[in-house]
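Just below is one structure, and these are the notes that go with it.
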Protein chains: 2
Amino acid sequence: MADPPTRSEPTTPRKTSEPPGPRLSRALILDRAIRLIDAQGVTALTMRALGASLGVEAMSLYRYVNGREDLLEGVVEQLVGSIEVEPGERMEPNDGWQAFLQWFAHDVRRLALEHPAAFPLIATRHPAAPWLRPPLRSLRIVEAFLNGLRERGFTDHQAVTAYRSFSSFLLGHLLLECAMSCVGTSFAEEPVDEGNADLPNDDAQLDLTDYPTVARLQPQLTEDHTRAEFEEALEHLLVRMDLEMSQ
Amino acid sequence: MADPPTRSEPTTPRKTSEPPGPRLSRALILDRAIRLIDAQGVTALTMRALGASLGVEAMSLYRYVNGREDLLEGVVEQLVGSIEVEPGERMEPNDGWQAFLQWFAHDVRRLALEHPAAFPLIATRHPAAPWLRPPLRSLRIVEAFLNGLRERGFTDHQAVTAYRSFSSFLLGHLLLECAMSCVGTSFAEEPVDEGNADLPNDDAQLDLTDYPTVARLQPQLTEDHTRAEFEEALEHLLVRMDLEMSQ
DNA sequence: CAGCCAGACTTACGTTGTAAGCGGGTGCTT
DNA sequence: AAGCACCCGCTTACAACGTAAGTCTGGCTG
């Protein structure tokens, strides 16, 4: 606490000798933003907080980011960019499209589970083009997805149809899984009243007396089978696509 | 435009003779909030704007609404409350669970299409309980859903499983459909730069030169078949449930 | 008739996103 | 070596937002 009196710069904490390269970069900012979202939720990502987390003033970010909207857009782009459509060692095309889609689905799921607080952004931000459907909202991914299927015997029409089905499937299952994994975290809803019962206050434990069936089935409803549901639904989707292809 | 000079209260626009009942109510506020969201998007729903739209100061809303979070929660509750699990004239239980689920799915879809700007709220707000899955996030609905299926021959386990599958299905398909119907509307992204190309600016027309397959298939990708996709996927989900029940 | 209180208004504060301009170090030019 | 332009972060400032706290007013109740 006792500052040594040798301090020469009482006001400017900034070192006089700066490394020449910029201390900031778009990638660095986006990276930190993602980490902030993961840790404290999207609403905690303010320009000032992000700046502070980088040891920098809020306004400094505007050189690399075109406002908050663009920041969020960049976060989404960065996250979606981490999806690998195919595994690193190129799989044989005759591994079949089923293996291809399996791998792809699981990589998107990995992304969702690694960033459950950010996934709603990916899911609900307006895509750049109407046919860029969440969560597959990058040209690179759509291109690779369509090519991957065409290389494995899909017609154009079949590939496009598969793209549509897959988007819906991933969006529904993963968004739900993220919501469940965020329940109970710090940034779900922090303003917890203690016992204020003036307004219909539905937090704490719900009153199930009027809903006997829900009450009776609550144990089953509470069980978390999201993983198994995902696998099962994916399997069924593939079966369904198989049927449609051969018909 | 010409005010008659008989105006007696030049400063207070408020009438001296007030109707005794409150001019505001929670339902009225929520109703107006929904209308505002439908018209201009969620971000346009500010306390002040909502108050102004009701001819009232922002702070007056706080008597009926516990802050903005509670307002949004109320909006979601009101919207979800408009879902009818079964048609008005009680259908025969032997109409079969398929008809039951068909009707239910289409009523949730109606809600989504009537309020495309509000549906993301329903989809992504943290539910009160982990097993209250969006978009079926009300005890009333879950209770009616489970009962409806049990009356039509489902076991407890089957009903719970159906609830899970249905949530994912509705969430994925309807959220996607809402996103598509919101693209191009005023509240998608209004800060449209004209030609500023300093930062990677991905609005306007995307550059597809590096993505030949997407470019080639753009016509097919642009076609909107959301309605048919919904029906088809619903049909397949029902078939899949049928198989699982008989096995 | 006095008092009270529900219900809307007023004021005020902290936080947010962001426009506009500043400054000082770096590295290139002459 | 002197100048200069520019990159890059800082400072100041403002409008809009959510909301805490207090105020006024009219109708109802004791």
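All values reported here derive from a predicted model rather than from experimental measurement. Lettering follows sequence order; numbering is per chain, from 1.
- dT18(C) atom P lies 10 Å from atom CG of Leu72(A), rounded to whole Å.
- Rounded to whole angstrom, the span from the CG atom of Leu28(A) across to the P atom of dG9(D) amounts to 10 Å.
- When distances run from any side-chain atom of Tyr62(B) to the nucleotides dT19(D), dT10(C), dA13(D), the shortest one goes to dT19(D).
- Checking dG9(D), dT16(C), dT19(D) against the side-chain heavy atoms of Val56(A) singles out dG9(D) as nearest.
- Note: CE (Met47(B)) to C1' (dC9(C)) measures 15 Å, nearest angstrom.
- Comparing atom distances between the Glu57(A) side chain and each of dC10(D), dT10(C), dT18(C) picks out dC10(D) as nearest.
- Checked by distance alone, Arg63(B) brings a side-chain donor or acceptor within 3.5 Å of a matching partner on the base of dG7(C).
- The six-membered or imidazole ring of Phe169(A) lies away from that of Phe169(B), with a centre-to-centre distance of 6.0 Å or more.
- Here dC8(D) presents its P atom at 15 Å from CG of Leu54(A), a figure rounded to the nearest Å.
- Going from atom CZ of Arg68(A) over to atom C1' of dT15(C) covers 13 Å, rounded to whole Å.
- Contact annotation: side chain of Arg48(A) to base of dG17(C), donor-acceptor pair present below 3.5 Å.
- With rounding to whole Å, Leu61(B) atom CG is found 14 Å from dC17(D) atom C1'.
- In this structure, Ser60(B) reaches the dC9(C) phosphate: one of its side-chain N or O atoms is under 4.0 Å from OP1 or OP2.
- For the pair Leu71(A) and Leu45(A), the minimum side-chain heavy-atom distance is below 4.5 Å.
- Just one residue in the list Glu229(B), Glu223(B), Arg227(B) forms a side chain to side chain donor-acceptor pair (under 3.5 Å) with His225(B), and that residue is Glu223(B).
- Among the nucleotides dT12(D), dG17(C), dG9(D), the one closest to the side chain of Tyr64(A) is dG9(D).
- Taking the charged nitrogens against the carboxylate oxygens, Asp107(A) and Arg110(A) do have a contact shorter than 4.0 Å, which makes a salt bridge.
- Atoms CG (Leu50(A)) and P (dT15(C)) sit 18 Å apart, rounded to a whole Å.
- Remark: Glu114(B) does not engage Arg109(B) in a salt bridge, criterion side-chain N to carboxylate O under 4.0 Å.
- Counting to the nearest Å, the C1' atom of dA8(C) and the CE atom of Met59(B) are 11 Å from each other.
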